[in-house]
Amino acid sequence: MTATTELAPKYDPSAIEREVYQRWTDAGVFTASTQSEREPYVIVIPPPNVTSVLHMGHGLNNTLQDLLIRFQRMRGKEVLWLPGTDHAGIATQNMVERQLAKEGKSRHDMGREAFVERVWQHVHSTGGTILEQLKAIGSSCDWTRTRFTLDEQYSRAVRSVFVDLFHDDLLYRGYRVIHWCPRCHTALSDEEAEFRERDDHLYYIRYPVVDGGGDARVIVATTRPETMYGDIALVHHPEDERFHHLAGKSVVLPLSNVPIPIETSTYVERDFGTGMLKVTPAHDPHDFEIAGELEGEYDTPVVIDADALMAHDPRVPEAVRGLDRDAAREKTVELLQAEGLLERIEPYRHAVRHCYRCHTVVEPRLSDQWFVRMKPLAEPALEAYRQGRLRFVPERWGKVYENWLTEIRDWNISRQLWWGHQIPAWYCEAEGCEHVTVAMEAPAACERCGGAVRQDEDVLDTWFSSWLWPFATMGWPEQTEDLERFYPGHTLVTAPDIIFFWVARMVMAGYHFRQERPFTTVYLNGVVRDPQHRAFSKSLGNGIDPLEVVERYGADALRYTLVAGAAAGTDVILDRSAMDGTFAAGRNFANKLWNMGRLLLAAVGDEAPPPESLDAAQFELADRWILSRCQRVVTDVTEALERFRLNEAAGQVYHFVWDEFADWYLEQIKPRLYGSAAGGDVASAVAVHVFQHALRLLHPIMPFISEELWRHLPGEREQHLAAAAWPEPHATWVDEEAEDQFARVQALVTAVRTVRAEYGVAPGTEIRAFARPASPDALQAFNAEQRTIERLAKLSHLAVEEPPEEVGAHQVLPDGSSVFVPLGDAIDVRQECKRLAAERDRIDKQLSGVAAKLANEQFVGRAPAEVVERERDKERSWREQRETLADKLRALGC
RNA sequence: GGGCGAAUAGCUCAGGGGUUUAGAGCGCCUGCCUUACAAGCAGGAAGUCGGGGGUUCAAAUCCCUCUUCGCCCACCA
């Protein structure tokens, strides 16, 4: 017999988690094989930033992935959960630049090579921390396949994609206005420039009309007066009659004193501002487009530089040159006012684009960048969704995906950074030859003229490497065994905020480069928030560190809380100021499991035969009941997991294990286990069997404690639970009769307990009870389980017969049976009368409700027969209860 | 401007046309240190399911509308 002392009375997760994890990795449980015959199941991790540390969002996301992975592994799939990290261009570069700033240096002081070397150092020293932290929450990734988006092999994949797209004319170099972060000093894609509401002003500026006679003015409303020095024209809608008298005229650009023409454009909204718009092609993407459509040649004066400082340009007044854009705005307004050219200023709230990394207001900037032509790539990705080959859970996110792909615009992939994949394009430096060589490796010379070449200094958008993650991690473009075996994958688990950045683009890349979707289901987990529904963030300090939770409550408690608290795709609210309350359910549950394990270890021998090997005739009602319940729970939990109803699965195991197995079954079999009743071997065999099933069902959610208990219990302990088989329901053990009968036993025991509690019968006092069964089934149940009932309800005597004429308490059971507990002097007759009268009134209310329903011909005529029948049963039950109560009241002489 | 989601017990949330009397965890109240577990056991209180209207024999559930929160998208400068 295994000594109980092996397990401490309180579960201490920190004492076992590390070792358990070590045993899994030692045994290679997480390593996927390309050789097995099993069906594959693949998840690629959303690669966290290489320098990041684990936060609760990762905790939730990876717990869910691990749950699915462990579930499928136990179901016999050849499972691959591929881990890795992302080089995170802007984020990582910014981080290292901040370090340099503390040393009083900038990356420009060091030069590109030294800076990149420095970033690598940083990555090597701190990078990968997050992967270690994932182990602490139990993530069963295949660590032999860890990848990084800047690995040499991965870089080849990225370059290869660039070259392929270029040759397919899906990639081009374009000169246009893009989003520029003046702080990060790089271009951003549309997705990376996030809109944020901002309180601003609308400035109404007077532009004097050239030869307009006297003081003719055109008034233009703008939010950005400082860009006016770059104006090349004013435009109004061609059908706007208010301005027809100005046809062919020009205005003087105030402060710059250059004439600019008045033109027309259908782009202009007549109702906004004054109906006249200033065109600043270098500093507004739409103005750039308008300018392109205007007749004639126009310059595109650049009046704001890369640092968002005003240019030293003749158009810019001297007093404004070199000011940053905000100061320039103030100064410009001041100058306009001085010249009487400012009509008025109105408060104005609008959405302004900000850098998604540093939240600086983005500056539109005219420049050369590389773009991916997205429309053709989006087609198959859209088709896949519309034809149901790609599924979203919850479904509503599919519409978000579809909408974005439908409205898709070209993707700017150039970043003016040093950290990342340098663009594999080489420009010819020979005079007059403007040829661009795009190739996997540096060409020795220009492929057209043989002149010297210079590589594009920019790097690629981080997402231009991560969109290849599902296959570049498997060795693509080489045709590897992994690729053969594990692509396409199956489920992607991620947060909805990167549907555009990542999910949609992976689908596009998957179809374009592999002619196959990268996964079939996208499960979107929610966002972790605080009780005010604010997302966790460092600046707010409202976050909870998952590792602190692991330390205090254990990884399983963390996982249980996250899984049980996250219905498909809904946000998870966690309260930092109430850690104990937040994680209590998981921690308490783990402790409960632990103690159930202790009980079984103490009571059960070193061997427990499978219940099938026992003589079924020896099974008592409780045995048949728990075995039957167990089969149903296996079915329900399996189905819930298959349907991604993860929180329901968690709830089902929890309630089965705690409310049914522990509170009823284990309590019921104690006399048998302790030898005071016969049938101990049957009880322990059934108990171990059911508990083992529960541990299997629980393992994907709470891997550590389930594995540790599994190891101690008799059974297949030589095998890791992580690699054990998922249970199959045994239809032959489903026993509805036993479930019904045991439900009656439970009801009767509960009724007596209620009486004891309500009438304050001392816990030690044994009492008598008289049951009046409502049906032969009920009678059979009471008779069969008389001893169980007596024990669990602390009865000295249970009689299934007419109760004596005595004062006592009366309880009605759900099936209409009733129980009477004589209480003699313990009862206060007047109090009891009051209590019973209140009870009678309540029943009358119910009764009249049901009666009214049944009197309604519409209901009886139209509702399904079973519903009507149920109502009839209800009425019968209430009526009986009513009569019984009336008897009781009479007996008491109320 | 368009779209999506949420509003259910003190708190955090499930549920989703008829399932006895709407559920869970935490918290609260009462009684118990019953030899697996006080991180426990037993019992209990607590909700007119955000407001209003509608469809239906039947609405927390479906439809409309309003209010309040949150999110996403968007070229009226």
Side-chain angles (χ1 to χ4, degrees), chain A residues 4 7 9-11 195 202 220-224 267-273 276-280 284-287 289 350-351 394 396-397 399-400 403-404 407 496-497 499-500 527 529 531-535 553 557 561 564-567 569-575 578 580-603 647-648 651 654-655 662-663 666-667 670 674 750 753-758 760-764 794 814-816 842 845-846 849-850 853 856-864 866-868 870-871 873-874 877-878:
Chain A
T4 325
L7 303 185
K10 266 204 168 92
Y11 174 52
F195 280 105
L202 205 47
V220 175
T222 180
T223 53
R224 301 203 61 194
Y267 166 79
V268 179
E269 289 287 333
R270 278 175 276 184
D271 300 335
F272 188 87
M276 189 68 89
L277 169 68
K278 69 187 201 53
V279 181
T280 320
D284 185 291
H286 318 113
D287 288 10
E289 277 176 39
H350 63 151
R396 64 188 139 92
W397 293 111
K399 279 179 276 176
V400 175
N403 186 53
W404 185 75
E407 308 277 310
D497 54 349
I499 289 178
F500 309 142
V527 179
R529 298 176 185 281
Q532 281 87 53
H533 295 96
R534 298 174 305 186
Y553 309 105
T561 303
T570 60
D571 292 348
V572 183
I573 312 296
L574 297 177
D575 187 352
D580 282 350
T582 303
F583 298 100
R587 178 200 56 183
N588 295 356
F589 188 36
N591 192 53
K592 186 72 182 179
L593 287 163
W594 188 252
N595 278 291
M596 289 163 67
R598 291 179 67 223
L599 170 67
L600 289 178
L601 281 181
N647 60 323
E648 284 178 22
Y654 180 95
H655 285 113
D663 286 350
L666 290 183
E667 291 307 321
K670 275 180 182 172
Y674 295 146
T750 303
R753 283 174 180 167
T754 304
V755 170
R756 296 186 72 102
E758 282 187 5
V761 180
K794 287 222 179 93
D815 70 346
R842 201 178 57 81
K845 229 167 157 185
Q846 296 294 337
V850 180
K853 214 166 180 182
N856 185 341
E857 286 175 21
Q858 302 271 29
F859 170 70
V860 178
R862 298 205 198 176
E866 63 190 75
V867 173
V868 177
R870 211 172 328 164
E871 289 301 313
D873 284 349
K874 219 190 276 185
S877 162
W878 287 125

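Lettering of chains follows the sequences in order, A, B, ..., and the numbering in each one begins at 1. Not measured: the values here are computed from a predicted model.
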Nearest-Å distance for atom pair [atom1]/[atom2], residues [X] and [N]:
X: A/L202; N: B/rA77; atom1: CG; atom2: P; value: 8 Å
X: A/R870; N: B/rA58; atom1: CZ; atom2: P; value: 17 Å
X: A/Q858; N: B/rU55; atom1: CD; atom2: C1'; value: 14 Å
X: A/E866; N: B/rG17; atom1: CD; atom2: C1'; value: 14 Å
X: A/R224; N: B/rC76; atom1: CZ; atom2: P; value: 16 Å
X: A/Y11; N: B/rA39; atom1: OH; atom2: C1'; value: 13 Å
X: A/E648; N: B/rG16; atom1: CD; atom2: C1'; value: 11 Å
X: A/E758; N: B/rG31; atom1: CD; atom2: C1'; value: 13 Å

[X]: what forms a side-chain hydrogen bond (donor to acceptor under 3.5 Å, both in side chains) with it, not counting sequence neighbours?
X: A/T280; result: A/D231, A/K278
X: A/E667; result: A/K670
X: A/D284; result: A/H286
X: A/Y11; result: none

Quantified in whole Å, what is the [atom1] atom distance between nucleotide [N] and nucleotide [M]?
N: B/rC72; M: B/rU61; atom1: P; answer: 29 Å
N: B/rU35; M: B/rC41; atom1: P; answer: 14 Å
N: B/rA45; M: B/rA24; atom1: P; answer: 12 Å
N: B/rA22; M: B/rA60; atom1: P; answer: 11 Å
N: B/rC62; M: B/rG17; atom1: P; answer: 6 Å
N: B/rU55; M: B/rG47; atom1: C1'; answer: 26 Å
N: B/rU48; M: B/rU56; atom1: P; answer: 28 Å
N: B/rA58; M: B/rU19; atom1: C1'; answer: 14 Å

Closest approach to the side chain of [X], judged atom by atom: which nucleotide of [options] is it?
X: A/E269; options: B/rA74, B/rA77, B/rG43; answer: B/rA77
X: A/T223; options: B/rG5, B/rG18, B/rA77; answer: B/rA77
X: A/T754; options: B/rG5, B/rG43, B/rC75; answer: B/rG43
X: A/H350; options: B/rC75, B/rG18, B/rA77; answer: B/rA77
X: A/F500; options: B/rA42, B/rA74, B/rC72; answer: B/rC72

Using the salt bridge (Lys or Arg N to Asp or Glu O under 4.0 Å) criterion, which residues pair with [X]? Sequence neighbours excluded.
X: A/E758; result: A/R835
X: A/D271; result: none
X: A/E871; result: A/K853, A/K874
X: A/R224; result: A/E226, A/E363

At under 4.0 Å between heavy atoms, what does [X] touch on the DNA or RNA strands: base, sugar-phosphate, or nothing?
X: A/R587; answer: base
X: A/V868; answer: nothing
X: A/A590; answer: nothing
X: A/P864; answer: base
X: A/T750; answer: sugar-phosphate

Before you tell me yes or no, could you show the steps for A/L202 and A/F272 under side-chain contact (heavy atoms from CB on, under 4.5 Å), namely the whole-Å CA-CA distance, both residues' side-chain angles and the distance that decides it to 0.1 Å? CA-CA 11 Å; A/L202 205 47; A/F272 188 87; 4.0 Å; yes
Is a side-chain donor or acceptor of A/N595 paired with a backbone partner of A/N591 at a separation under 3.5 angstrom? yes
Taking the side chain from A/Y553 and the backbone from A/D580, do they hold a donor-acceptor pair closer than 3.5 Å? yes
Represent RNA chain B in dot-bracket notation, 5' to 3'. Only Watson-Crick or G-U wobble pairs with both distances under 3.5 Å count; pseudoknot-style crossings use [ ] and interstrand partners use |. (((((((..((((....[....)))).(((((.......))))).....(((((..]....))))))))))))....
Here's a test for you: under side-chain contact (heavy atoms from CB on, under 4.5 Å), which of A/V220, A/T222, A/V268 qualifies with A/L277? A/V268
What pairs with A/H350 under side chain to side chain contact (heavy atoms under 4.5 Å, CB included), at least two apart in sequence or on another chain? A/D200, A/T223, A/Y348, A/V352
Do the non-hydrogen side-chain atoms of A/R598 and A/L601 ever get within less than 4.5 Å of each other? no
Between A/K853 and A/V400, name the one whose nearest nucleotide on RNA chain B is closer to the 5' end. A/K853
N/O contacts under 3.5 Å, protein versus nucleotides 21-25 of chain B?
{"from": "B/rU21", "atom 1": "OP1", "to": "A/Q846", "atom 2": "OE1", "distance (Å)": "3.4"}
{"from": "B/rU21", "atom 1": "OP2", "to": "A/K874", "atom 2": "NZ", "distance (Å)": "2.8"}
{"from": "B/rU21", "atom 1": "N3", "to": "A/R842", "atom 2": "NH1", "distance (Å)": "3.2"}

With the criterion being N/O to N/O and under 3.5 Å, what pairs connect the protein with nucleotides 34-38 of chain B, and how long is each?
{"from": "B/rA36", "atom 1": "OP1", "to": "A/Y674", "atom 2": "OH", "distance (Å)": "3.4"}
{"from": "B/rA36", "atom 1": "OP2", "to": "A/Y674", "atom 2": "OH", "distance (Å)": "2.6"}
{"from": "B/rA36", "atom 1": "O2'", "to": "A/N595", "atom 2": "OD1", "distance (Å)": "2.5"}
{"from": "B/rA36", "atom 1": "O2'", "to": "A/R598", "atom 2": "NH1", "distance (Å)": "2.7"}
{"from": "B/rA36", "atom 1": "N7", "to": "A/K670", "atom 2": "NZ", "distance (Å)": "3.2"}
{"from": "B/rA36", "atom 1": "N6", "to": "A/E667", "atom 2": "OE2", "distance (Å)": "2.8"}
{"from": "B/rA36", "atom 1": "N3", "to": "A/N595", "atom 2": "O", "distance (Å)": "3.0"}
{"from": "B/rA36", "atom 1": "N3", "to": "A/M596", "atom 2": "N", "distance (Å)": "3.4"}
{"from": "B/rC37", "atom 1": "O4'", "to": "A/N595", "atom 2": "OD1", "distance (Å)": "2.8"}
{"from": "B/rC37", "atom 1": "O4'", "to": "A/N595", "atom 2": "ND2", "distance (Å)": "3.2"}
{"from": "B/rC37", "atom 1": "O2'", "to": "A/N591", "atom 2": "ND2", "distance (Å)": "3.0"}
{"from": "B/rC37", "atom 1": "O2'", "to": "A/N595", "atom 2": "ND2", "distance (Å)": "3.4"}
{"from": "B/rC37", "atom 1": "O2", "to": "A/K592", "atom 2": "NZ", "distance (Å)": "3.1"}
{"from": "B/rC37", "atom 1": "N3", "to": "A/K592", "atom 2": "NZ", "distance (Å)": "2.8"}

